[in-house]
Every structure is written in structure tokens, then in C-alpha cells.
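Below is one structure, written out as C-alpha cells; comments come after it.
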Amino acid sequence: MSTYSIAVLAGDGIGSEVTAEALRVVDTAASLVGGLDIETEAIAASAVQWQQTGVAITDDQFDRCAAASAMYMGAIGLPEALHEDGTEVAGDVIFKLRFDLDLYAGVRPVKSYPGVPSLLAHGDDIDYIVVRENVEGLYASRGAGVNVRDEIATDTIVITRVGTEKVVRKAFALAAERAGTREFSRVTCVDKANVLASYAFFRKVFDEIGTEFPETEKERVYVDAMTLYQVQRPQSFDVVVAENMFGDIISDLSAGTVGGLGLASSGDIGDTHGLFQPAHGSAPTIAGQNIANPSAAILSGSLMLSWLGQQHDDDKAREAGRLIDVAVADALVSAENRTVDLRGTASTTDAGEAVIRRLHELSAQ
Ligand code: ATP
């Protein structure tokens, strides 16, 4: 029996609603596969905690996150929870975990699902992964930008050789893992190498690391063109790697092409720690109504199991993750299993229940 401890930061707004469904699904998949014991510990770090105590995440909460086998987050942040300089309190939690635990790769799968309405005329067969550099780039300046007499403001972009090599290698490793299951194996580097020296360096390191992976095609795209291609030819991507801010932007756009943020899962992954969370925020306007889409949260649970499987060479954990992916895809085909954002009729709990039903059917086959 493999035992995994999960630090669960359900967070604010819809965070607790989608987390409840994700954990139910993870638990069900684990018990159907057998040999897996998933133990959860609730961590109250959140914008609400900041409103009540002035601290979004305490040192003790951080230590408990760091000690867990994996971290799972619902959504942290509230529009009114802002520091004096206007930055969001949510960053105190997410950036602390990302930077202090070196979760350098933001892995964000982008996948179209049969039955889910697309905004694109040709929105079928989209299946790629955005790998966002998570701890450098422009966001490395968070909390350290300079405002000179309210006349000039600057933030500095940080690109290091070591950081770029790590995230680029991660992108190529993911492409290699997917190679057998796809018609092509390709890593696309997204940058603005034609304008800024920092991005030209990012691309140079990408080219250098790329020589270690002769089996994989390399593509280089400027970020402005990338947003066009994500709409015009999203099927041509396999794995995409980008600097922190560019990765942030293109991953939200990619979510929009496959049904919205309610389907966008993510993992913030380092060499020793992993944090898994839906890419959406706390969506306070729909919180407390049992209407939020739990799919992104559930798929993030599957990413977590797959990552645990890889870290611990545990086939059972990998199998539980794979089962969840199939069950979500199957459930989404019917409008009665989809929430309103995907033109369905299900509540949050109905949608979670549909995935659980499908998991039982799959394991009985
Ligand atoms: P953050 O900056 O914290 O990521 P955001 O500004 O991106 O947050 P979200 O909270 O993600 O905002 O919400 C953006 C929009 O997407 C809102 O209209 C929200 O209702 C919708 N939305 C987000 N998540 C979901 C979900 N799981 N189900 C349905 N709608 C969602």
C-alpha cells in the first residue's frame, strides 16, 4: 500500500466547492485501483485568512505544505483582498509556494473534449501542453518594482541560464513522454527574441538544450504570432514552453479555445515538490451557488496522481490518474453532466457525481 499525504488549500470563493468534488473523485479512483492511501490535511491559507488575521499563509502552514507528498489548491484570492500597492494577496500564497519550493514548471494541458462547445470553427483535436517558466521572468520582480515619484515605474525581467535550462528540459521530457501517443513530437519556444535581449537569451538556451533531443522537432514563435496560431492552428502544437508572463497569458488564451477556465487544469512542478490546482480563480460572483465547473479541479487531481506515480514509480497512482482522465472525457459528452459554462445543466455536485459514476463503470469493465 502506498500512502500519500496531500496538503489541501481549498482557498476562497468556489475553491472549496471544486476541491470537494476533486477530492471525492481522487478518492474514488484510488480505491477502485487499490493499493493507494490518500490522506488529506486541510490548510486554511487564503485571502479570507488574510482578512481575519493579516497573514495569508503562516510559516507553520507553509512548512506543512512543504512536508506533504503533494499540494492541492482550489483557488486563492478575492478581488477586495489587496495590498496597499494594489497587488493581490493571493500572490502571498501562490508565489511563496512557487518560489520557495522552486516549482519552476507550470504545466498546463490544453485539450478539446467531444461534446464540449468550442468558440473555434475548427476546435476539435486540440491536445497540447503549455509549460510556463514559473519562478523567473518578469514576475521575478514581484514586490521589487520601482515607482519613481509617480513619474516612471519599472519592473525588471530575470532570465537565467540555469532556470531556462531546467524548464526547457522539462518541456522536452514531456514531449518525449507523449511521443508514442501522437503523430508528431514537437516543442515550441514562445518568446520575443526579435525585440529584447532577455528573450533572445531564452531562445538561445532553448536551441542549445534542443540539441540533446534530436528526435523532437523544434519550433520558435514570437509571442504575438503565437496568439494568432493558438486560434488558427491549435492542432499543430504538442508542447509549448514560455517565459513566466507570456506563459501566463497564452495559457489563459488556450483555455478559451477549448471551453474556458472551467476545464483548465495545472500543475506547478519542481524536482521535489508539486502543487496542483485548476487554472481559474475563486470566481466570487458564482461562489456558493453549486454552479462552478469542477472539471479543471478534477483534472488537476488526475495530474497530481500521475505526478505522484512518476515521482514514486507507482503504477497504481499513474493508473488512477489515467482512469480519471477517461472518466472526465466520457462524462463531458452529455450536457446533463456538464455545468452551465459548458452549456450543460449539471450542478457542481452533479458534474462530480457523473465522473464518479463513470469511474465505477470503467473499473467494472
Ligand atoms: P484570478 O486572477 O484569481 O485567476 P480571474 O480574474 O482569472 O481570477 P476567475 O475567478 O478565474 O477570474 O473568473 C474568471 C471568469 O471565469 C468569471 O466569469 C468566472 O465566473 C468564470 N469561471 C472561473 N472559474 C470557473 C468555473 N470553475 N466554473 C465556471 N465559471 C468559472
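These numbers were taken from a predicted model, which means no experiment stands behind them. In listed order, ligands and their atoms are each counted from 1.
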* Between the side chains of T58 and D60, is a donor N or O closer than 3.5 angstrom to an acceptor N or O? -> no
* Among all residues two or more places apart in sequence or in another chain, which pass the side chain to side chain donor-acceptor pair (under 3.5 Å) test with Y222? -> none
Which donor-acceptor pairs under 3.5 Å do side chains of residues 258-268 form with protein atoms, sequence neighbours excluded?
| unit_1 | atom_1 | unit_2 | atom_2 | d |
| --- | --- | --- | --- | --- |
| S266 | OG | Q277 | O | 2.8 |
| D268 | OD1 | N134 | ND2 | 2.8 |
| D268 | OD2 | R98 | NE | 3.1 |
| D268 | OD2 | R98 | NH2 | 3.4 |
| D268 | OD2 | Q277 | NE2 | 3.3 |

Between the protein and ligand 1, which nitrogen or oxygen pairs come in under 3.5 Å, and how far apart is each?
| unit_1 | atom_1 | unit_2 | atom_2 | d |
| --- | --- | --- | --- | --- |
| ligand 1 | 10 (O) | S282 | N | 3.4 |
| ligand 1 | 10 (O) | A283 | N | 2.8 |
| ligand 1 | 11 (O) | G281 | N | 2.6 |
| ligand 1 | 27 (N) | H280 | NE2 | 3.3 |
| ligand 1 | 27 (N) | N293 | O | 3.0 |
| ligand 1 | 28 (N) | N293 | N | 2.9 |

* Asked: Would you call the rings of Y4 and H312 parallel, tilted or perpendicular, where under 30° means parallel and over 60° means perpendicular?
  -> tilted
* To do: Mind checking side chain to side chain donor-acceptor pair (under 3.5 Å) for D271 and listing every partner two or more places apart, or none if nothing turns up?
  => Y104
* Asked: Is E88 reaching over with its side chain to a backbone N or O of G91, donor-acceptor style, under 3.5 angstrom?
  -> no
